[in-house]
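Comments concern the structure below.
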Amino acid sequence: MNKNINNIQQKIIETINGPIIVIAGAGSGKTRVITYRIAHMIKNIKIHPKNILALTFTNKAAKEMQKRISLMIPKKDLQKITIGTFHAIFSSILRKEAYRLGFTSEYTIYDRQDSENVIKKILKDINIETKLNVKDIRNRISEYKNNLFLPSKKNEFFSKIYQLYNQRCFHSNSLDFDDILLYTNQLFSYFPNVLKKYQNQFQYILVDEYQDTNLSQNFIIKNLSYPSNNLFVVGDDAQSIYSFRGANISNILNFHNEYPHAKIFRLEQNYRSTNVIVQASNAIISFNTNQIIKNIWTRNEKGEKINIYGAISDIEEAKYIASSIVSLKKEKRMNYKDFAILYRVNSQSKLIEYALKERNIPYKIYGNISFENRKETRDLLSYFRIVINPNDEEALYRILKNQIGYKKTLNTLFSFFQQKKTENKNIYNIIKHIDIYHEFKKIKQNTRNKLKKIFLNVEKIHKEVNNKDAYQIAKNIIDFFCNENQFYNKKVIDFQYLIENINYYVNNQNKMIPKGDPSLSGFLQHFYLKEYNDQNNLINNSKHENNEVSLMTIHLSKGLEFSIVFISGLEENLFPSKSNLNDPSKIEEERRLFYVALTRAQKIARLTYAKNRFIWGKKRKTKPSRFINEINKKFLKTKNIPSFKTKSLKYYKYHTYEKNNINFEKGNQVFHESFGLGIILDIQKNQQIVTVYFKKFGKKKILLNLNKLKIYT
DNA sequence: TTTGCCCGTCTTTTT
DNA sequence: GACGGGCAAA
């Protein structure tokens, strides 16, 4: 037995036949268990790696898992395991099977902006006034898809739009993110033989972060793992932070109902963090009423108390973080890679980036790479897309919009194309013979020639798609594109970046897990599912050999750990987010997010906020986050909190308890003579009654003077 | 048909 | 403060 593995972990690793559910607290060695288990299955049980499917929710988590497994098994085995995000895995499967549903394997993946543009066009077409905005409609469609609701037969307004949206995507041979899961489900239910094929292939299924599955994903897992049910899921309800993506906490809470014979394991010992961090985060999460009670404990050292810094402004906050890194690095003899800076929204990274640059601190920003949303990049990608998939309306529209400025003409032309397309006419042919259609008479000869030239070229490149790899095709397109559009020559640096990524993608196929598809359509999938942006091949970063401070949103940080963690922007309206303030269940999710953030830290956690922040170009006064007050003062370096001396003191008092209660505090794990183990949710004003949530008996009010309650350690 | 200016909206979070 | 849509002037 490995000495890094405790008894429960060992038991989990060796229990091969499912269904199995592991409730794993933060830092309890969850990823270690999954990766060791996979290695054990392959090395000792001799399960063929191609029979293993490991699913995650973010690319970052997938990469982390691959990295850790690679240390234990031969590379040739690792490459045979199917490991990745739900979207990546099932998008690849759909590429092979989607023809059964009427799509081709060259289908485009529509991102958020594409989806919103489709909805805008629909609203314009049907010409109905609506109070719903495009974003709301898109979110609702997404919600419906994640819950496997199809448009209802009733002629209700939303259903109509939903239906039109699906039709348009279908005619464009395009799938949005949610479609990837939805159509996978349709594929499996309409084509039992196809399902059977994948059931046979994936005999062992592992799902990480199971608390984040939505109904659509859960259905896929359920179908695939039937009938052997060799399903292994790991999750922590306290770290459920993706409800906006349809994640449904009841999947984890009801697992046992779904699979009555499931084996249940719990991992509660934290190996990651100091005692201070473990206890402080336990206390924070206990403010949530909706949770599985766990007793997360650690044998680790007590550790430093948590430091809170209230900066005058967001700029100063960033500077404080940068200078702290410089001094902590020296003081604690740390490397840059031991530091992480976490934030609630991506836009916070900008100022932090400036501050780090100022002090020459190497850093790496994860997620949301700005170049991918730049106009020029999207323009170029439209050409890629239309070369691969001539039916891609959004890409076509974008190209035409750039070539034909005048909107009215553009719209007439575009609806003409749509009409022809439903008649199954090839878009390349229509534009090549642009002069014979009277619909085009209004367009200047000059513009017509330009269009003809573009589409002749696009068609030429299209014919080579199957013989050349993504790099060769992309180079052709870029050469043509830059020649025809003088303006873009100045933006070549963006294209350079994209082409470098394509080059890397094509030439490192044997490093990819699972092995990718070197065609341009393979690259487009890779790009749109954002698999590329976690890679370490970014040109400007190579010189630091990965010894860099990590910057990312808290969402992306889940599953990771760092010696020293900065959590920035702890302000009301930012964290918790403004849009979640009115819904108690959403506040609980924000709190879980804070819990995730804090539990990333191994040794030191520093929290920061700014008293003034630029929002939409205006400086605004802010209030410190309620979460700061939920950390018990005994875990804080209170002396170092300048903000507490300011006007906002009143605000802080609200949550602070009187000191005369000797033993009991919110978040304490307690033991009651009759009710057993529980956690203190609340203490009444007179300090004589506490509300405790008991594992077995639920919420109870306990009179303290009966002395039946003890602190459980 | 083109250009430029005003105005409203946007900041969650990821695939 | 950035960006896109809408509208009016050129």
Side-chain angles (χ1 to χ4, degrees), chain A residues 55-62 84-91 109-117 120 123-124 133-135 139 142 145-146 175-182 184 209 212-214 216-217 240-247 314 342-351 366-370 372-375 378 398 401 403-411 442-444 446-447 525-534 552-558 569 571 573-581 583 586 589-590 592-594 596-597 613-620:
Chain A
L55 293 163
T56 64
F57 289 82
T58 60
N59 290 302
K60 196 128 197 21
T85 63
F86 275 83
H87 288 87
I89 303 286
F90 295 111
S91 164
I109 297 169
Y110 274 0
D111 65 11
R112 191 190 188 95
Q113 205 173 326
D114 289 318
S115 297
E116 286 180 4
N117 288 340
K120 277 181 203 163
L123 290 179
K124 206 166 261 174
N133 68 31
V134 172
K135 229 176 168 179
N139 288 343
S142 173
K145 288 189 171 174
N146 285 327
L175 270 64
D176 67 23
F177 292 128
D178 307 311
D179 282 335
I180 293 172
L181 306 172
L182 177 72
T184 302
E209 310 284 8
D212 290 329
T213 40
N214 59 38
S216 185
Q217 290 163 324
S240 168
I241 54 176
Y242 280 103
S243 72
F244 67 92
R245 218 169 85 181
D314 44 2
L342 308 181
Y343 36 78
R344 179 68 180 82
V345 299
N346 284 301
S347 58
Q348 287 172 259
S349 68
K350 210 170 158 186
L351 289 176
Y366 289 86
N368 198 46
I369 291 187
S370 61
E372 75 191 25
N373 277 323
R374 251 178 256 154
K375 190 182 172 298
R378 289 189 81 90
R398 203 176 170 97
K401 200 167 131 191
Q403 300 302 330
I404 308 164
Y406 189 48
K407 249 202 165 161
K408 226 170 181 178
T409 317
L410 173 65
N411 286 334
K442 276 191 267 172
I443 300 173
K444 279 192 303 187
N446 198 7
T447 314
Q525 171 180 321
H526 177 79
F527 181 89
Y528 277 94
L529 297 181
K530 305 186 182 212
E531 291 168 72
Y532 67 96
N533 72 18
D534 294 344
M552 67 190 90
T553 61
I554 299 161
H555 282 88
L556 268 190
S557 76
K558 192 158 62 145
E571 295 140 36
N573 294 330
L574 178 61
F575 192 13
S577 169
K578 192 178 181 181
S579 24
N580 290 341
L581 290 180
D583 181 343
K586 285 184 172 172
E589 177 146 324
E590 294 280 323
R592 289 194 292 271
L593 197 55
F594 185 49
V596 168
R613 184 175 292 275
F614 269 89
I615 302 165
W616 298 326
K618 262 192 188 152
K619 197 169 108 175
R620 284 158 214 265

Nearest-Å distance, [atom1] ([X]) to [atom2] ([N])?
X: A:L556; N: B:dT14; atom1: CG; atom2: C1'; result: 7 Å
X: A:N146; N: B:dT14; atom1: CG; atom2: P; result: 16 Å
X: A:K578; N: B:dT9; atom1: NZ; atom2: P; result: 13 Å
X: A:Y242; N: B:dT13; atom1: OH; atom2: P; result: 11 Å
X: A:M552; N: B:dT14; atom1: CE; atom2: P; result: 11 Å
X: A:D111; N: B:dT15; atom1: CG; atom2: C1'; result: 11 Å
X: A:E209; N: B:dT13; atom1: CD; atom2: P; result: 19 Å
X: A:L55; N: B:dT14; atom1: CG; atom2: P; result: 20 Å

Taking atom [atom1] of [X] and atom [atom2] of [Y], what is their separation to the nearest 0.5 Å?
X: A:T58; Y: A:K530; atom1: OG1; atom2: NZ; result: 12.5 Å
X: A:L593; Y: A:I241; atom1: CG; atom2: CD1; result: 5.0 Å
X: A:N59; Y: A:T85; atom1: CG; atom2: OG1; result: 5.0 Å
X: A:H555; Y: A:F244; atom1: NE2; atom2: CZ; result: 4.5 Å

Would A:F244 pass as stacked on B:dT13, i.e. its ring centre under 5.5 Å from the base's six-membered ring centre and planes under 30° apart?
yes
Would you say the base of B:dC10 stacks on A:W616 (centre-to-centre below 5.5 Å, plane angle below 30°)?
yes
Looking at A:N59, does any N or O in its side chain come under 4.0 Å of the phosphate oxygens OP1/OP2 on B:dT15?
yes
Need to verify one output field. Residue with the more 5' nearest nucleotide on DNA chain C, A:K401 or A:K350?
A:K350
What contact category does [X] fall into here, base, sugar-phosphate, or nothing, at under 4.0 angstrom with non-hydrogen atoms?
X: A:F614; answer: nothing
X: A:D176; answer: nothing
X: A:T85; answer: sugar-phosphate
X: A:T553; answer: sugar-phosphate
X: A:F57; answer: sugar-phosphate

Which is the 5'-most and which the 3'-most nucleotide of DNA chain C that has an atom under 4.0 Å from a heavy atom of chain A?
C:dG1 to C:dG6
Look at the side chain of [X] and the backbone N and O of [Y], then say whether any donor-acceptor pair between them is shorter than 3.5 Å.
X: A:N214; Y: A:R245; answer: yes
X: A:Q217; Y: A:L181; answer: no
X: A:S577; Y: A:N580; answer: no

Counting distance alone, no hydrogens or angles: does the base of B:dT14 have a donor or acceptor under 3.5 Å from a partner atom on the side chain of A:R112?
yes
When you compare the side chain of A:F575 with that of A:Q348, does any pair of heavy atoms fall below 4.5 Å?
no
